[in-house]
Amino acid sequence: MKNKLDYKFKLNDFDGPLDLLLHLVKKKKIDVFDINLLELTNQYLDFINENINESLEVMSEYLVITAYLIELKSKLLLPKKSISDISDNYEAEEKMKLVASLLEYQEYKNMAHKMSLLEEEREKFLDKEHEDLPETKTVFNEVLNVSSLNEQKIINAVMKMVDRLKQERPIESVIKIKRISIEERTEEVKQYFKNISKTKIEFIDLFEQYDNAYIAITLLTVLELSKNSLLKITQDNNFKEIYLEWIGDKNG
Amino acid sequence: MDKKNLQIIEAIFFLKGNEGISLEEISEIMNLDIKNIKDLVQRYIAEIQVDEKRGFEIKKYGEHFKLVTKKELFDDLNKVVINKNIRLTQAGLETIAIISYKQPITKPEIEKIRGVNSDYAIKKLVLFDLIEEKGRAETPGMPILYGTTEKLLDKFNISSLDELPEFKKIMNDESNATELKLFNYD
């Protein structure tokens, strides 16, 4: 008769090799300090062998520790005299290290759980999107410091803008996922400026759809046009609208 | 005079929404000194806390005060708003827990504790603005040191890092435990 312990766990059931080791220890229902190092290593390696056909991506997470444990096992099995780089207390030391790692990992796992409860609690307090107050000047008016700018900040800024746009401007038409190159998009932007009566538009006017590829291509196109001195990008203040002005030849 | 100021403060909290506002910023807007502002804000918070007819309250995350609806009204309000919050994954939570307690900390150090590669988890946390680069370690390779942002405080509903859940020390000698790091990803 199969009991609960026979349930076949897969690698995917664990958050990683340390999680697996913790599970194996707990299954024995003994204190972490009382584990038999060789036995634990064997159980771990057996489990890895049984699940060796699981996805490469999952397996790769277990590689380093598996390699470590294989080495550990071989050192534990060989007669001590035949290995030079092993101390008399090798087993005890390795066990201490393993126990320390497992306990520390477990403690952070517990903290992670407690933090997820806090995360959940925060969701019960509802808040509103802030208003963009054009007249609000803060004493900490940040001058855009080029040296503090990095690609992460730019990406964050674009993502925040997109989120804001999605809320303000619901898309009216059906979204067609269209593959487009920078050259094609450049032509589109040029045409757009040709067709409208004014030379200055808001950045967000260029967006007809909001899938990531389209946004990325449009951003690259705008930057490319700016680099080639065909477009001028201005912004009056942080968090205000971004304006694009066509400064190239209208026929160009 | 104070009555008007309290009204203005309430209006500012309302308009600032989830961005929140610091005492310095309020002081700048209202042209009053910070001590004055601090008193007014504390008075305002105390008053709305006592007033049982209020549907909202003020939460403080780091330096920012935010106007939010009362927790107990959440179920009554679910027809008004769709909760669009993104929850962190297990990997994200583990990583953020480690960084929160051990900051500043490098990616290799995080990976030693978790036992797995944490590249993706860290990238996502940076994207969510929950952690940021706080400098570089002096060790070979000059790996990036990560620490938490003010947005993390909001995300986990705490007003400061002191309010993180208590961490129990496992080994009596903490420094010993650090040296006994097992798995090297270097």
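In what follows, chains are A, B, ... by sequence order, proteins preceding strands, each numbered from 1. These figures come from a predicted structure and were not determined experimentally.
- We find that A:Glu119 and B:Lys155 are joined by a salt bridge, their nearest charged nitrogen and carboxylate oxygen being less than 4.0 Å apart.
- Here the closest heavy-atom approach between residue B:Gly115 and residue A:Pro17 is recorded as O-CG, 3.6 Å.
- Most heavy-atom pairs under 4.5 Å with chain A: of the set B:Asn18, B:Val80, B:Asp75, B:Ile158, this distinction falls to B:Asn18.
- Only the side chain of B:Tyr61 comes within contact range of chain A, with at least one heavy atom under 4.5 Å from a heavy atom of that chain.
- Residue B:Ile86 places its CD1 atom among 12 or fewer non-hydrogen atoms of other residues, nucleotides or ligands, all under 6.0 Å distant.
- Top candidate by heavy-atom pairs under 4.5 Å with chain B, chosen from A:Asp19, A:Asn110, A:Asp127, is A:Asp127.
- Taking NZ of B:Lys112 as the start and OG of A:Ser101 as the end, the distance is 10.5 Å to the nearest 0.5 Å.
- Atom NZ in A:Lys114 sits 14.0 Å away from atom CG in B:Leu93 (nearest 0.5 Å).
- Nearest heavy-atom pair, B:Phe156 versus A:Met115, reported as atom, atom and distance to 0.1 Å: CD2-O, 3.1 Å.
- Here the closest non-hydrogen pair linking A:Phe125 and B:Thr69 is CD2-O, 3.4 Å.
- Residue contact with chain A, scored on non-hydrogen atoms closer than 4.5 Å, is absent for B:Ile21.
- Applying the 6.0 Å contact sphere to NZ of A:Lys109 captures more than 12 heavy atoms from other residues, nucleotides or ligands.
- Here CZ of A:Arg122 is found 8.0 Å from NZ of B:Lys59. Values are rounded to the nearest 0.5 Å.
- Neither the backbone nor the side chain of A:Gln106 comes within contact range of chain B, judged by heavy atoms closer than 4.5 Å.
- Within 6.0 Å of NZ on B:Lys38 lie no more than 12 heavy atoms contributed by other residues, nucleotides or ligands.
- Contact between B:Ile113 and A:Leu18 at its shortest, heavy atoms only, is O-CD1, 3.2 Å.
- Counting heavy-atom pairs under 4.5 Å between each of B:Arg114, B:Glu72, B:Lys66 and chain A puts B:Arg114 at the top.
- Both the backbone and the side chain of B:Asp154 have a heavy atom closer than 4.5 Å to some heavy atom of chain A.
- For B:Ser27, no part sits under 4.5 Å from any heavy atom of chain A, backbone or side chain.
- With a 4.5 angstrom heavy-atom cutoff, B:Ile98 touches chain A via backbone and side-chain atoms both.
- Side-chain atoms of B:Lys102 and A:Tyr108, non-hydrogen and from C-beta on, do get closer than 4.5 Å to each other.
- Residues B:Val116 and A:Gly16 approach most closely at CG1-CA, 4.0 Å, considering heavy atoms.
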Could you walk me through whether A:Glu61 and B:Asn117 satisfy the side-chain hydrogen bond (donor to acceptor under 3.5 Å, both in side chains) test, starting with their C-alpha distance in whole Å, then the side-chain angles of each, then the deciding distance to 0.1 Å, before giving a yes or no?
CA-CA 7 Å; A:Glu61 298 266 275; B:Asn117 188 291; over 6 Å; no
Derivation of the side chain to side chain contact (heavy atoms under 4.5 Å, CB included) call for A:Lys128 and B:Phe56:
CA-CA 12 Å; A:Lys128 277 190 70 62; B:Phe56 47 73; over 6 Å; no
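- Within the 4.5 angstrom heavy-atom criterion, only side-chain atoms of B:Gln90, from C-beta onward, approach chain A.
- Atom-to-atom distance recorded for A:Leu126:CG and B:Lys70:NZ is 14.0 Å, nearest 0.5 angstrom.
- Between A:Met111 and B:Glu166, the shortest heavy-atom contact is CE-O, 3.0 Å.
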